[in-house]
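Single-structure report; data block below.
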Amino acid sequence: MKLNALSKITEPFADTDQMPVLFLGHGSPMNAIEENEFVAGFRNIGKEIPTPRAILCVSAHWETRGTFVTAMEHPRTVHDFGGFPKALFDVQYPAPGSPPLAREAKSIVKKTDVGLDEKWGLDHGAWSVLRHLYPEADIPVLQELGVAAVFPGGTPFADVIATIRSLVQQG
């Protein structure tokens, strides 16, 4: 599906006062440094939606035992891949984190224990898209473990995301 087809599909939807929830697959990590229709689409989305107060990014590239959210002031840019050009490894996305928001996200999730992580950072599933949506890297970003994680007691990932609805309503 071409990116402009998504706009046609969503035209009939009413505008809402809350932030949209987006699913944006990064495709090839090279999209972080190349120019193509996907990158142009990411930039357009960043211009068309309201500017969020913070971003909660869920990435399948952070595998953990349990549920975690990044909780550091300055998450590092994680280059969790190999075999790509040096230019890709040189990319940094210095967005701030938000420990207070991480603690709030932890308190909202009731069906599973959420740990606060101060080591991981933002992996390429996050920064390779966000650098095109918000190139200034001035919006706090939290990353929650991805769908490949092993959840305690088999907690469905959808339950974790569903409990974070109040964060979406806060922008």
Side-chain angles (χ1 to χ4, degrees), residues 1-11 13 15-16 18-64 67-98 101-102 105 117-151 157-158 160-162 164 167-168 171:
M1 173 187 293
K2 296 271 185 187
L3 290 174
N4 60 359
L6 181 60
S7 292
K8 291 178 183 171
I9 293 170
T10 59
E11 280 176 3
F13 299 153
D15 289 340
T16 64
Q18 67 185 29
M19 289 301 297
V21 175
L22 304 175
F23 174 83
L24 301 171
H26 65 74
S28 167
M30 291 297 292
N31 286 335
I33 58 172
E34 293 179 341
E35 291 297 323
N36 56 46
E37 72 176 310
F38 296 104
V39 169
F42 294 153
R43 285 193 189 109
N44 288 339
I45 290 169
K47 293 173 186 169
E48 292 175 7
I49 65 173
T51 302
R53 291 185 16 228
I55 297 168
L56 175 62
C57 183
V58 179
S59 173
H61 296 284
W62 183 19
E63 296 184 33
T64 65
T67 304
F68 292 86
V69 64
T70 56
M72 66 283 286
E73 287 286 340
H74 303 285
R76 68 187 176 97
T77 303
V78 178
H79 298 89
D80 54 325
F81 44 72
F84 289 94
K86 182 180 182 311
L88 189 58
F89 289 91
D90 290 343
V91 173
Q92 295 295 311
Y93 190 74
S98 177
L101 187 56
D117 180 89
E118 296 184 10
K119 296 177 185 168
W120 180 244
L122 304 177
D123 63 45
H124 80 277
W127 62 258
S128 67
V129 173
L130 292 175
R131 75 182 306 254
H132 299 298
L133 286 169
Y134 304 106
E136 299 300 317
D138 56 355
I139 300 169
V141 179
L142 304 181
Q143 185 165 317
E144 188 157 357
L145 74 127
V147 295
V150 178
F151 292 91
F157 188 67
V160 174
I161 296 302
I164 300 175
L167 293 177
V168 171

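Since we're looking at a predicted model, the values are computed, not measured. One is the number of the first residue; the rest follow in order along the sequence.
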Return the CZ to NZ distance between F68 and K119, rounded to the nearest 0.5 Å.
9.5 Å

One should read off an interatomic distance between L22 CG and I49 CD1, to the nearest 0.5 angstrom, of 5.0 Å

Go through the steps for R43 and L133 under the test side chain to side chain contact (heavy atoms under 4.5 Å, CB included), then give the verdict.
CA-CA 5 Å; R43 285 193 189 109; L133 286 169; over 6 Å; no

Which pairs count as salt bridge (charged side-chain N to carboxylate O under 4.0 Å, His left out) when at least one residue sits in residues 71-94, sequence neighbours excluded?
K86-D90

So, for V141 and A95, which heavy atoms are closest and what is the spacing to 0.1 Å?
CG2-CB, 3.8 Å

Apply side chain to side chain contact (heavy atoms under 4.5 Å, CB included) to the pair I139 and T51, showing each step before the final yes or no.
CA-CA 9 Å; I139 300 169; T51 302; 3.8 Å; yes

How would you list, by chain and number, every residue that makes a side chain to side chain contact (heavy atoms under 4.5 Å, CB included) with P29, sequence neighbours excluded?
H26, F84, L88, H124

Is there a side chain to side chain contact (heavy atoms under 4.5 Å, CB included) between V69 and Q143? Walk through the geometry before answering.
CA-CA 6 Å; V69 64; Q143 185 165 317; over 6 Å; no

Can you name the residues that form a side chain to side chain contact (heavy atoms under 4.5 Å, CB included) with N44, not counting sequence neighbours?
E48

Between CG of L56 and CG of L142, what distance do you get to the nearest 0.5 Å?
6.0 Å

For residues V39 and N36, report the shortest heavy-atom separation together with the two atoms involved.
N-OD1, 3.0 Å

Verify side chain to side chain contact (heavy atoms under 4.5 Å, CB included) between Y93 and Y134, making sure each step is shown before the conclusion.
CA-CA 10 Å; Y93 190 74; Y134 304 106; 3.7 Å; yes

Spatial distance of atom CG (L130) from atom SG (C57) [nearest 0.5 Å]
5.5 Å

Return the CG to CG distance between L24 and N31, rounded to the nearest 0.5 Å.
12.0 Å

Nearest atoms (heavy-atom pairs only) where P140 meets G97
CB-O, 3.8 Å

Taking all non-hydrogen atoms of both residues into account, name the closest pair between H132 and S128 and its distance.
CD2-O, 3.2 Å

Heavy atoms only: give me the nearest P96-A137 pair and the separation to one decimal.
CD-O, 3.4 Å

Sequence neighbours left out, what passes side chain to side chain contact (heavy atoms under 4.5 Å, CB included) with A87? Give chain and number order.
I33

Looking only at heavy atoms, the pair that brings E118 and A71 closest together is CG-O, 3.9 Å

Under the rule for side chain to side chain contact (heavy atoms under 4.5 Å, CB included), what residues qualify as partners of H79, not counting sequence neighbours?
T77, F81, F89, Q92, W127

D117: which residues meet the side chain to side chain donor-acceptor pair (under 3.5 Å) condition with it, sequence neighbours left out?
none

